[in-house]
Participant: 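Dropping a structure here in structure tokens format, bear with me for questions.
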Amino acid sequence: IYSRLINLLYLGTPGVGKSLMSRLLSEKTGLTWIDVSKFAIEKECLEEYDEVYQCPVLDEDKLLDQLEGLMCEGGKIIDYHGADFFPERWFDIVFVLRTDNTILYDRLRDRGYIGKKLEDNIDCEIFQTILEEAKSAYREEIVHELTSNDLNQVNENVNRICQWIEQWKIDNQED
């Protein structure tokens, strides 16, 4: 018997493959995947619309209130592009997905990103903004960087994470 189930956080610039990897890991492990962007819409955690970035603004406090009980249960995969407002106590491990800039540029352009939104997201990846944010928000030993350029790497990452979860279960067994 385990004291509780593991919680994971997937971070990265839009387009790096967080949702794909989260879905695959959820299917393989039975952990519950929460796509924060969709969850925020369902739970009405959005404020005014940002015209520059062409998206609604997240009400972080309301979102955290909605997630608290779920996170305490454990067994969750959280998928989002920002890290600095999630409590560290929620996560056993944090994965920051990274993608080559030319691949990411094409993915974002194909999603309809243009202008400042496209440029800022590419800059965010170039300057490792989300990786640095994660390292400052969480204990460095729980933050891991993964490359996510193609489906092969995604599958390798999912398999490696499954092995890590199995080891975590062994290490965190109650006597």
Side-chain angles (χ1 to χ4, degrees), residues 1-47 55-99 107 129-175:
I1 283 287
Y2 306 110
S3 55
R4 70 168 182 79
L5 299 170
I6 192 169
N7 284 327
L8 296 95
L9 176 60
Y10 275 137
L11 298 169
T13 308
V16 296
K18 296 179 303 295
S19 295
L20 173 61
M21 199 173 301
S22 296
R23 181 177 54 80
L24 293 172
L25 187 66
S26 176
E27 289 169 359
K28 271 189 115 158
T29 63
L31 296 172
T32 302
W33 166 35
I34 299 174
D35 177 333
V36 171
S37 298
K38 289 179 182 167
F39 184 87
I41 293 167
E42 290 168 14
K43 301 295 182 181
E44 299 176 354
C45 301
L46 301 174
E47 298 176 337
C55 63
V57 176
L58 181 65
D59 180 337
E60 295 173 357
D61 291 333
K62 188 172 182 183
L63 175 78
L64 294 175
D65 289 344
Q66 293 289 327
L67 282 172
E68 180 72 41
L70 296 170
M71 297 308 295
C72 290
E73 294 170 4
K76 303 299 184 279
I77 301 167
I78 298 295
D79 155 7
Y80 196 57
H81 54 263
D84 57 348
F85 64 93
F86 292 117
E88 181 179 17
R89 64 185 157 74
W90 281 3
F91 302 105
D92 299 291
I93 192 159
V94 176
F95 296 103
V96 180
L97 304 186
R98 305 288 314 283
T99 299
R107 288 180 187 171
T129 305
I130 294 172
L131 180 62
E132 295 305 318
E133 183 181 288
K135 285 181 177 179
S136 66
Y138 305 104
R139 295 181 326 277
E140 199 153 340
E141 65 268 15
I142 72 166
V143 177
H144 300 273
E145 182 179 357
L146 298 174
T147 304
S148 178
N149 288 327
D150 57 42
L151 198 51
N152 238 7
Q153 286 178 331
V154 168
N155 285 319
E156 287 172 15
N157 289 334
V158 168
N159 290 333
R160 224 173 30 235
I161 293 167
C162 286
Q163 291 171 347
W164 186 90
I165 290 170
E166 289 309 309
Q167 187 60 51
W168 183 90
K169 287 178 182 177
I170 292 167
D171 294 345
N172 289 277
Q173 280 182 342
E174 283 188 356
D175 297 324

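Hydrogens, waters and symmetry mates are skipped; everything else that's a heavy atom, side chains included, is used.
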Participant: So, do Leu58 and Leu46 sit near enough that their side-chain heavy atoms are less than 4.5 Å apart?
Facilitator: yes
Participant: Return the minimal non-hydrogen interatomic distance between His81 and Pro14, and the atom names on each side.
Facilitator: CB-CD, 4.2 Å
Participant: side-chain contact (heavy atoms from CB on, under 4.5 Å) with Lys62: which of Glu44, Glu47, Lys43?
Facilitator: Glu44
Participant: To the nearest 0.5 Å, what is the distance between CD1 (Ile165) and CD1 (Ile170)?
Facilitator: 12.5 Å
Participant: Can Ile142 and Leu9 be said to form a side-chain contact (heavy atoms from CB on, under 4.5 Å), step by step?
Facilitator: CA-CA 10 Å; Ile142 72 166; Leu9 176 60; over 6 Å; no
Participant: Can you tell me how far apart CD (Glu156) and CG (Leu151) are? Round to the nearest 0.5 Å.
Facilitator: 10.5 Å
Participant: Just to verify, which of Ile78, Leu8, Val143 counts as forming a side-chain contact (heavy atoms from CB on, under 4.5 Å) with Phe91?
Facilitator: Ile78
Participant: If every non-hydrogen atom of Ala134 is compared with every non-hydrogen atom of Val96, which pair is closest and at what distance?
Facilitator: CB-CG2, 3.8 Å
Participant: Using 0.5 Å steps for rounding, measure from the CG atom of Leu131 to the OG atom of Ser136.
Facilitator: 10.0 Å
Participant: Taking C-beta and beyond as the side chain, do Ile161 and Leu146 meet within less than 4.5 Å on heavy atoms?
Facilitator: yes
Participant: When rounded to the nearest 0.5 angstrom, what distance separates CD in Glu73 from CG in Leu70?
Facilitator: 5.5 Å
Participant: State, to 0.1 Å, how close Gly17 and Ser148 come at their nearest heavy-atom pair, and which atoms those are.
Facilitator: CA-OG, 4.2 Å
Participant: Considering only residues two or more places apart or on different chains, which pairs with a residue in residues 79-99 satisfy salt bridge (Lys or Arg N to Asp or Glu O under 4.0 Å)?
Facilitator: Arg4-Asp92, Glu68-Arg89, Glu88-Arg139, Arg98-Glu125, Arg98-Glu145
Participant: Going from CD1 on Ile34 to CE on Met71, what distance comes out if it is rounded to the nearest 0.5 angstrom?
Facilitator: 6.5 Å
Participant: Please table the atom pairs, donor to acceptor, closer than 3.5 Å between any side-chain atom in residues 21-28 and protein atoms at least two apart or in another chain.
Facilitator:
residue, atom, partner, partner atom, Å
Ser22, OG, Lys18, O, 2.7
Arg23, NH1, Glu27, OE2, 3.2
Ser26, OG, Leu31, O, 2.6
Lys28, NZ, Asn159, OD1, 2.3

Participant: Which pair of heavy atoms, one from Cys45 and one from Gln66, lies closest together, and at what distance?
Facilitator: SG-CG, 3.9 Å
Participant: Check whether Tyr138 reaches the backbone of Ala83 with its side chain - one donor and one acceptor, N or O, closer than 3.5 Å.
Facilitator: yes
Participant: Has Asn7 got a side-chain atom pairing as donor or acceptor with Lys76's backbone, closer than 3.5 angstrom?
Facilitator: yes
Participant: Hey, can you tell me if Tyr10 and Phe95 have their rings parallel, tilted or perpendicular (30° and 60° cut-offs)?
Facilitator: tilted
Participant: Answer yes or no: is there a side-chain heavy-atom contact under 4.5 Å between Thr99 and Thr13?
Facilitator: no
Participant: Is any side-chain heavy atom of Tyr80 less than 4.5 Å from a side-chain heavy atom of Leu63?
Facilitator: no
